[in-house]
Amino acid sequence: MKLSKTQLETYDRDGFLVMPGLFSTDEVNAMKAELRRIQDIDTDHLVRERSGGVAKTIYRVHEDNGPTASPVFHAASRCPRMLEPAQGVLGDESLYVYHTKCNLKTAIDGSVWQWHQDYGTWRKDGVPEPALTTALVMLDKPTEFNGCLYFIPGSHKVGNLEPRFDEATAYKFWVVPKEELLDIMERSPEPVPITGEPGTVVFFHPNILHASGHNLSRHDRWAIYVVYNQVANKPLDVPNPRPDYVRSTNFAPLKPGSDAILTTRQVAA
């Protein structure tokens, strides 16, 4: 699925591109079934909420080995519907999956993700340049009530911000300092909620400022994030690197697969 000139210009201008209907209802249901299976596994590839111990984040579902391996997500991350737009916005056909992250915003318990740039963490992983893109796959319908993602349009153009390590939430990570965030917000468009129907995919830049709120609804809000990186941009050596499930060391260029991701073998696996 090659991107048009208009789509590429939208991504460059806003820092994100919304593509509705990339996955069917059957494909979304198969992905959700896999996440229900995986979230019961006892592994460090899975982060749980402080409240209730329910699954918050699952990593590394895109490989064909490991405790969270999934044939369905392995196929989805390599299908042309996903891989070709990633190659288009990065201007490079030689990509690998930096990591996959499944965020499970459980009804009532799903907590916030504070304002941050993804590259704020990945730069500390040793990634030389913000030459990555993330594909957000909506598995439930995100709304402002159930904790959807918010972007500040065009904020990827502010460059690499120096983050602050935050320990207030269940998943400790690097956030944009409040004073700098308020200054950027003052001179930027208002944040926009990223909503859509299940099966929608949103590609976004690693430096775009984004956050999500608490899930106050009675409905789960699940999504998967597939992060594509240029092979030429693989991480440099750093002291005490994060584990492979968040900073992949499988740098083999992805081979395009089939758009028929729901084969009998994959669903049965």
Side-chain angles (χ1 to χ4, degrees), residues 1-24 27-28 62 73 75-101 116-123 127-139 142 148-161 184 187-212 223-234 248 251 253-259 261:
M1 179 177 289
K2 303 293 186 183
L3 295 181
S4 68
K5 180 182 178 182
T6 299
Q7 288 174 314
L8 291 171
E9 289 173 346
T10 298
Y11 183 88
D12 180 66
R13 181 192 68 224
D14 297 336
F16 66 96
L17 176 67
V18 180
M19 302 182 71
L22 251 62
F23 290 101
S24 70
E27 291 168 332
V28 167
H62 66 283
F73 288 116
S77 63
R78 292 158 173 79
C79 72
R81 283 172 283 171
M82 291 277 280
L83 185 53
E84 289 180 356
Q87 292 169 330
V89 298
L90 293 176
D92 191 342
E93 292 190 359
S94 186
L95 306 181
Y96 74 99
V97 175
Y98 186 74
H99 72 218
T100 42
K101 179 175 69 175
H116 64 285
Q117 294 177 316
D118 286 335
Y119 187 60
T121 298
W122 302 338
R123 181 156 53 106
V127 180
E129 299 292 337
L132 311 89
T133 192
T134 298
L136 157 64
V137 183
M138 297 178 183
L139 301 183
C148 72
L149 200 65
Y150 289 85
F151 289 148
I152 300 179
S155 59
H156 61 302
K157 295 185 181 293
V158 302
N160 305 330
L161 304 175
I184 293 169
R187 50 191 169 86
S188 299
E190 288 296 307
V192 295
I194 305 303
T195 60
E197 296 298 323
T200 297
V201 176
V202 184
F203 288 87
F204 62 94
H205 193 282
N207 269 342
I208 194 169
L209 285 164
H210 59 291
S212 64
I224 176 174
Y225 298 77
V226 182
V227 181
Y228 295 97
N229 190 19
Q230 297 176 341
V231 172
N233 193 45
K234 65 185 181 183
S248 177
F251 306 127
L254 294 171
K255 296 180 180 179
S258 169
D259 268 327
I261 70 172

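Counting begins at 1 with the first residue of the sequence.
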Could you check whether Tyr119 and Asn160, counting side-chain N and O atoms only, form a donor-acceptor pair closer than 3.5 Å? no
Within this structure, what is the CD1-OG distance for the pair Ile184 and Ser155, rounded to the nearest 0.5 Å? 7.5 Å
If you measure only the distance, is there a donor-acceptor pair under 3.5 Å linking the side chains of Thr133 and Tyr11? yes
Return yes if some donor-acceptor pair links the side-chain N/O of Asp92 with the main-chain N/O of Ser94 below 3.5 Å, else return no. yes
Would you check if Pro85 and Phe203 make a side-chain contact, meaning some heavy-atom pair closer than 4.5 Å? yes
How about Gln7: does its CD atom have over 12 heavy atoms from other parts shown lying under 6.0 Å from it? yes
How far does NE2 of His205 sit from CG of Asp118, to the nearest 0.5 angstrom? 11.0 Å
Rounded distance [0.5 Å steps], OH in Tyr225 versus OG1 in Thr134: 9.0 Å
Hey, is the main chain of Asp12 close enough, under 3.5 Å, to the side chain of Lys157 for a donor-acceptor pair? yes
Taking all atoms of both residues into account, what is the closest heavy-atom pair of His156 and Arg13, and its distance? CE1-O, 3.4 Å
Thr195 side, atom OG1; Tyr150 side, atom OH - distance, nearest 0.5 Å: 9.0 Å
Nearest 0.5 Å, what's the CG-CZ distance between Leu149 and Phe204? 6.0 Å
Leu83 vs Leu254, side-chain contact (heavy atoms from CB on, under 4.5 Å): CA-CA, chis, key distance, verdict: CA-CA 8 Å; Leu83 185 53; Leu254 294 171; 3.9 Å; yes
Val226 versus Val97: any side-chain heavy-atom pair under 4.5 Å? yes
How are the rings of His210 and Phe151 set to each other: parallel, tilted or perpendicular (split at 30° and 60°)? perpendicular
With a 4.5 Å limit on heavy-atom distance, are the side chains of Leu132 and Asn233 in contact? yes
Atom pair CG/CG of Leu8 and Leu17 - distance to nearest 0.5 Å: 8.0 Å
What are the two closest heavy atoms between Asn229 and Val127, and how far apart are they? ND2-CG1, 4.3 Å
How would you list, by chain and number, every residue that makes a salt bridge (charged side-chain N to carboxylate O under 4.0 Å, His left out) with Glu197, sequence neighbours excluded? Lys141
Stepwise side-chain contact (heavy atoms from CB on, under 4.5 Å) check, Gln87 with Leu95: CA-CA 7 Å; Gln87 292 169 330; Leu95 306 181; 3.6 Å; yes
Is there a side-chain contact between Pro130 and Asn207 (heavy atoms, below 4.5 Å)? yes
What I'd like to find out is whether the side chain of Met138 reaches to under 4.5 Å of the side chain of Val202, using heavy atoms alone. yes
Check Pro191 against Pro153 and note the closest heavy-atom contact, atom names and distance. CA-CD, 4.5 Å
Residues forming a salt bridge (charged side-chain N to carboxylate O under 4.0 Å, His left out) with Arg81, sequence neighbours excluded: Glu27, Asp259
Exercise: do Ser77 and His62 side chains pair donor with acceptor under 3.5 Å: no
Of all heavy-atom pairs linking Leu161 and Gln117, the shortest is N-OE1, 3.0 Å
Under a 4.5 Å cut-off applied to non-hydrogen side-chain atoms, are Phe23 and Met82 in contact? yes
Quick check: do Leu22 and Thr200 have side-chain heavy atoms less than 4.5 Å from each other? no
Closest heavy-atom pair, Ser258 versus Cys79, reported as atoms and distance to 0.1 Å, is O-CB, 3.3 Å
Does any non-hydrogen side-chain atom of Pro142 lie less than 4.5 Å from one of Ile194? no
Contact summary for Ala135 and Tyr228, nearest pair of heavy atoms: CB-CE1, 4.2 Å
